[in-house]
Protein chains: 2
Amino acid sequence: MSNHEGQAASTGEARANVLRLSGPCERWARDADFIRETLDLVGDKWTMLVIGALASGDARYSDLDTEIPAISRRMLNLTLKRLQRSGLVDRTACAEVPPCVEYSLTSLGGSLLSAVEHLAAWCAEQHTEIRRHQDTYDTNAATRSA
Amino acid sequence: MSNHEGQAASTGEARANVLRLSGPCERWARDADFIRETLDLVGDKWTMLVIGALASGDARYSDLDTEIPAISRRMLNLTLKRLQRSGLVDRTACAEVPPCVEYSLTSLGGSLLSAVEHLAAWCAEQHTEIRRHQDTYDTNAATRSA
DNA sequence: CGGCATCCTAACAGATACTG
DNA sequence: CAGTATCTGTTAGGATGCCG
């Protein structure tokens, strides 16, 4: 992990991916990469749905494809691969003759699930409020441009 | 106002390809949109950093630009707009003559912050484990192809 | 049936120049 | 100083077809 604390402000444009905050919230800055990385992992368009689909038990490839109609095969594969790579789901192929593969949540994946459920609860709780704000904002914007 | 990106952000319906799950996890299915919506809100490349920067107190536009050197003006504006639209940050302009604008976290934004901190904690806690899994996976993949 | 590889389009994101 | 508009490269993601 690239944790350059190096100072390169005035020495030209060191266009590092480092995203260093200079404010008092150094911890956020330091962890930002990890957080973002993991947030990217779960914040992606499909991950959550796949995790959710697996939360209720093991599932075969086709099951997932069926349970999440909106996903494309490509994205399902990509998502599963990524989750598998990160140790969040397990893949079990029974035999090669009539290919039948089962996916399941690992304990790590399960722990993520509960972490996300926290956020999910917040969403469920606040989404009306958020909507309201957005509507108000949009109305104002529309009025202003009218 | 033909801001395609702004509209893309505001038309949740456009990307709400419904994503219905037919499995036993209907609740996830029903909430998936909200969760994804909010996850999109915070999981985006910059939101977290901006929220983090604002967590320590109000900040002016330039402050944010300074605190997050890697962000472009465009993205900073877009991000702030979106957060403001959703009622997560407040924008206060003192006067039009020498433009000076302050951004601050609303209470809603603050509550999101704590919700995300939960997830952030999980990230910080598990990212080593995740890394390990990824390395193992990559090594196996490399071995297999060798 | 499960899983890649390919092509292609649309959304995303950076740099830059301009306005109030 | 605080934004907005435009032009452009980069990437995410859908459709499809082949191969185990």
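First the proteins, then the strands, lettered A, B, ... as listed; each starts at 1.
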Is the shortest side-chain heavy-atom distance between B:Leu76 and B:Tyr61 below 4.5 Å? yes
Give each protein N/O atom lying under 3.5 Å from an N/O atom of nucleotides 18-20 of chain D, with the pair distance.
none

Among C:dA15, C:dT6, C:dG3, which nucleotide sits nearest the side chain of A:Arg74? C:dT6
Quick check for you: among C:dA13, D:dG14, D:dG3, whose closest atom lies nearest to any side-chain atom of B:Asn77? D:dG3
For A:Glu129, run the side chain to side chain contact (heavy atoms under 4.5 Å, CB included) check against A:Gln126, A:Glu125, A:Arg131 and tell me which one passes. A:Gln126
So, taking the atom named CG in B:Leu83 and the one named NE2 in A:His133, what distance separates them when rounded to the nearest 0.5 Å? 12.5 Å
Would you kindly give the CG-to-P distance between B:Leu80 and D:dG3, to the nearest whole Å? 8 Å
Is there a chain of hydrophobic side chains (I, L, V, M, F, W, Y, each step under 4.5 Å between heavy atoms) that links A:Val50 to A:Leu108? yes
A:Met75 atom CE is separated from D:dA12 atom C1', nearest whole Å, by 7 Å
Rounded to whole Å, the CG-C1' distance (B:Asp65 to D:dC1) equals 11 Å
Round to a whole Å and report the spacing from CG of B:Asp44 to C1' of D:dA12. 15 Å
With sequence neighbours excluded, give me every ring pair (Phe, Tyr, Trp, His ring centres under 6.0 Å) pair touching residues 97-119 of chain B. A:His118-B:His118
For A:Arg82 and D:dA12, give me the distance from atom CZ to atom C1', rounded to whole Å. 11 Å
Working for side-chain contact (heavy atoms from CB on, under 4.5 Å), residues B:Tyr137 and B:Asn140: CA-CA 5 Å; B:Tyr137 185 95; B:Asn140 286 354; 5.8 Å; no
Could you check A:Thr47, A:Val101, A:Leu64 and say which one makes a side chain to side chain contact (heavy atoms under 4.5 Å, CB included) with A:Leu80? A:Leu64
Does a side-chain N or O of A:Lys45 approach OP1 or OP2 of C:dC12 to a distance below 4.0 Å, or not? no
Distance in angstrom units between B:Ile71 CD1 and D:dG3 P, rounded: 13 Å
Given atom CG of A:Asp63 and atom P of C:dG3, what is their separation to the nearest angstrom? 12 Å
If a stem is a run of at least 3 consecutive Watson-Crick or G-U pairs, both distances under 3.5 Å, which stems include DNA chain D? C:2-20 with D:1-19
For the pair made of CG in B:Leu76 and P in D:dG3, what is the distance, rounded to whole Å? 8 Å
Separation between CD1 of B:Ile71 and OG1 of B:Thr66, rounded to the nearest 0.5 Å: 12.0 Å
Judged by atom type as modelled, is there a donor-acceptor pair below 3.5 Å linking the side chain of A:Thr38 to the main-chain atoms of A:Leu41? no
Just to confirm, is there a sub-4.0 Å distance from OP1 or OP2 of D:dG3 to any side-chain nitrogen or oxygen of B:Lys81? no
Any A:Tyr103 side-chain N or O less than 4.0 Å from OP1/OP2 of C:dG3: yes
